[in-house]
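To start, the structure under review is shown below, and the notes come after it.
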Amino acid sequence: MNLKGELETRISEALAEAGAPPGSGALIARSNKPQFGHYQANGCMAAAKALKINPRELARKVLDNLDLSDIAEPLEIAGPGFINIRISRQWLAQRLTEVESDPKLGIATPETPQTVVVDYSAPNLAKEMHVGHLRSTIIGDALVRVLDFIGHKVIRQNHVGDWGTQFGMLIAYMKDLLQDDPEGFQAEAELGDLEEFYRKAKQRFDADEAFADTAREEVVRLQSGDPATLDAWRGFREISLRHCSDVYRRLGVLLEDGDVYGESEFNDDLSNVVEDLRAAGILEESRGAQCVFLDEFRGKGEDDADVPLIVQKSDGGYLYATTDLAGIRYRQDQLRADRILYVTDSRQGMHFTQVFGVARLAGFARGELMLEHVPFGMMLGKDHRPFKTRTGGTIKLTDLLTEAEQRAFDLVSGKTPDVDEARRREIAAIVGIGAVKYADLSQNRGSDYVFSWDKMLSLDGNTAPYMQYAYARVKSIFRKADMDESQAVGEIVLTEAAETNLAVKLAQLPETIQAVAVECLPNLLCSYLFELAGAFMTFYEACPVLKADAPAARTSRLMLCLLTARTIKTGLGMLGIDTLEQM
RNA sequence: GCGCCCGUAGCUCAGUUGGAUAGAGCAGCGGUCUUCUAAACCGCAGGUCACAGGUUCGAGUCCUGUCGGGCGUGCCA
């Protein structure tokens, strides 16, 4: 049950009964000061203004129409017309007892689950995965897990760049290598480092005019379906995808081969897209290219020019706008999507505004289909410049992960040198990868993000190691007591303030998850978990568990510990981060 | 030129549809291990929310302008 949502519903009803204008919301917010209770309703001021009456009087009438005695302590009117709400210990205790036996920790499945397509990661297969793919992959993975946990039907779509001019270059270069070396030893060796392979091909392309021509011919051959060229393309694509899988596995994201649905899949449909736009009467030829001009982009270009969405180049080639339009139709009609999320960097904002606009205008997207760009900022280095190697090169994802694990290993070795190395390696992998992910997810995705090893691997603050430690610390209580978690059954009784505060936090998981799903903001979950850990630490310091005065208190506190552990593990799990039973 | 985003503590960042005295973490200072993991906890200090107007019961949040920064702005994705 969504506590905040329940309060919103019930107080909004009371507000309506008290004579507030239709649509007046209770405007429930978490209170930022303990003396104001756990929640506060801010809606009376706005409604009273519309009615031209005293807000406190309206609040009084609202209370007359409201019975929250099952959930809350007697309500209080404060300040200009706030209603302060303190959740009752009885309700919390009862609620948490219910949650204790629920695998979904109180998160209700929606009445009408949606089919949500999440488009993320989408590396260009011409190159090896690098840090530029990290945020999309991590954020998308977290959103997928959250939506899935809630009970929506989630369809992952890895819209890889497996088609386009860069492949001509690569195929030409590969053919060259095979010519000089029919056994393919050199080609194989060079393919071990895709980034290098691409770099060499590109170098050759730029320097050698004849080679460039060959490369362009390969593109034409590829697009016209020449079998030999297609074979080469398939081989290259396969190697590249295998490399991606390796990275995904290491990173621990859900993406699988079956989720790959790349640009090449839409090839046959691109001419249809253009023709359908023409049939819809919105296609215009401009400077030899086929374009759609949206009203809202008139005069928005350089020198007040109209900005087109180009769907076919003057040479007849198609662009990613065309593919994205085809993708919308495919996802709506074939995948039956209710909502499509595009997890890409914020620089593509205008592109998606245009594509969504054209899709609506052309009738490709029905009105109820939710099309959302989920933008994120850039990854920056310490110098606040785009994150690069010292020499200015691109940082490969595999190298980044290796360094994360190595740094975590050094850290673990420093803390627990007596643990054997193999085990330290295992811990380091979980802590290191978790740190990279959590550092990214804990920040509001919209802002650019300054990458810092020291910060993400810090043991203090809102970091993965801290959260993982908090989890291990809770679990240690059960180990210490030499008891199984299943033995922690009984009644939850909240007496100490630290217990109540912890209980309130525990009861706030559903509303937090809901907000993450609606806003596509994983950092809300990170903040929540960090606050939960803080509430637990305070409880842990203030309330002896195993040495509690009475058996009933001991049982109750053990249940709070268990719920805390499960909530942290589940929450981190929804972020794609593993936990350790012992650190 | 135009469009979008941003400017919050020394640093890195939160801040929900406008709500009460703007919050964390790092760094700094000071306390806590014979007591459930000190990879921790507690406390102190740190702010003209870039600037100037405006809207209103109330503005970090909305509007206008200025300054500063990032990104985008027709045949790459």
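Below, read A as the first sequence line, B as the second, and so on, with proteins coming before strands; counting in each chain starts at 1.
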Can you check whether Tyr469(A) and Tyr466(A) have ring centres sitting under 6.0 Å from each other? no
In 5'-to-3' order, the base (B), backbone-only (S) or no-contact (-) status of each nucleotide in nucleotides 8-13 of chain B, using a 4.0 angstrom heavy-atom cut-off, is ----BS
Encode nucleotides 28-33 of chain B as B, S and - characters from 5' to 3', where the letter depends on protein heavy atoms closer than 4.0 Å: B to the base, S only to sugar-phosphate, - to neither. ------
Any side-chain donor near an acceptor of the partner, [X] and [Y], under 3.5 Å:
X: Glu499(A); Y: Asn501(A); value: no
X: Tyr471(A); Y: Lys475(A); value: yes
X: Ser264(A); Y: Asp162(A); value: yes
X: His133(A); Y: Asn124(A); value: no
X: Thr323(A); Y: Glu263(A); value: no
X: His351(A); Y: Tyr320(A); value: yes

Any side-chain N or O of [X] less than 4.0 Å from the OP1 or OP2 oxygen of [N]?
X: Ser527(A); N: rG15(B); answer: no
X: Asn32(A); N: rA20(B); answer: yes
X: Lys49(A); N: rG58(B); answer: no
X: Arg30(A); N: rG15(B); answer: no
X: Tyr466(A); N: rC41(B); answer: yes

Kindly say whether, by distance alone, the side chain of Asp454(A) makes a donor-acceptor pair under 3.5 Å with the base of rA27(B)? no
Tell me if the side-chain of Gln40(A) makes a donor-acceptor pair with the base of rA20(B), cut-off 3.5 Å, by modelled atom types. yes
Taking the inter-plane angle between the rings of Phe536(A) and Tyr540(A) on a 0 to 90° scale, is it parallel (under 30°), tilted (30 to 60°) or perpendicular (over 60°)? tilted
With under 30° as parallel and over 60° as perpendicular, where do the rings of Tyr330(A) and Tyr261(A) fit, or are they tilted in between?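 Parallel: the ring planes of Tyr330(A) and Tyr261(A) meet at under 30°.
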Do any N or O atoms of the protein come closer than 3.5 Å to N or O atoms of nucleotides 73-77 of chain B, and which pairs are they?
unit_1	atom_1	unit_2	atom_2	d
rG74(B)	N7	Arg287(A)	NH1	3.1
rG74(B)	N7	Arg287(A)	NH2	3.1
rG74(B)	O6	Arg287(A)	NE	3.1
rG74(B)	O6	Arg287(A)	NH2	2.7
rG74(B)	N1	Ser286(A)	OG	2.6
rG74(B)	N2	Ser286(A)	O	3.0
rG74(B)	N2	Ser286(A)	OG	3.2
rC75(B)	O2	Ser314(A)	N	2.9
rC75(B)	N4	Arg287(A)	O	2.7
rC76(B)	OP2	Lys313(A)	NZ	2.8
rA77(B)	OP2	Tyr320(A)	N	3.2
rA77(B)	O3'	Glu263(A)	OE2	2.6
rA77(B)	N7	Tyr320(A)	OH	3.3
rA77(B)	N6	Tyr320(A)	OH	2.8

Any residue meeting side chain to side chain contact (heavy atoms under 4.5 Å, CB included) with Lys388(A), in chain and number order, not counting sequence neighbours: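 If we apply the side chain to side chain contact (heavy atoms under 4.5 Å, CB included) test to Lys388(A), skipping adjacent residues, there are no hits.
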rG19(B) base stacked by Phe82(A)? Criteria: ring centres under 5.5 Å, plane angle under 30°.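 Given the distance and angle limits, no, they do not stack.
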Exercise: identify the closest heavy-atom pair between Ala142(A) and Leu441(A): CB-CD2, 3.9 Å
How many Å lie between CG on Asp295(A) and C1' on rC2(B), as a whole number? 17 Å
Between Asn42(A) (CG) and rG19(B) (P), how many Å, whole number?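 Those two atoms, CG and P, are 7 Å apart.
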Candidate pair Arg135(A) and Asp345(A), rule side-chain contact (heavy atoms from CB on, under 4.5 Å), full reasoning: CA-CA 8 Å; Arg135(A) 297 204 79 186; Asp345(A) 70 272; over 6 Å; no
By nearest nucleotide on RNA chain B, pick out whichever of Phe297(A) and Pro544(A) is the more 5' one. Phe297(A)
Enumerate, atom names and distances included, each donor-acceptor pair closer than 3.5 Å involving a side-chain atom of residues 48-57 of chain A, sequence neighbours excluded.
unit_1	atom_1	unit_2	atom_2	d
Asn54(A)	OD1	Arg56(A)	N	2.7
Arg56(A)	NH1	Gly79(A)	O	2.6

Each stem that RNA chain B is part of, given as range with range (3 or more consecutive Watson-Crick or G-U pairs, under 3.5 Å):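 The stems are B:1-7 with B:67-73, B:10-13 with B:23-26, B:28-32 with B:40-44, B:50-54 with B:62-66.
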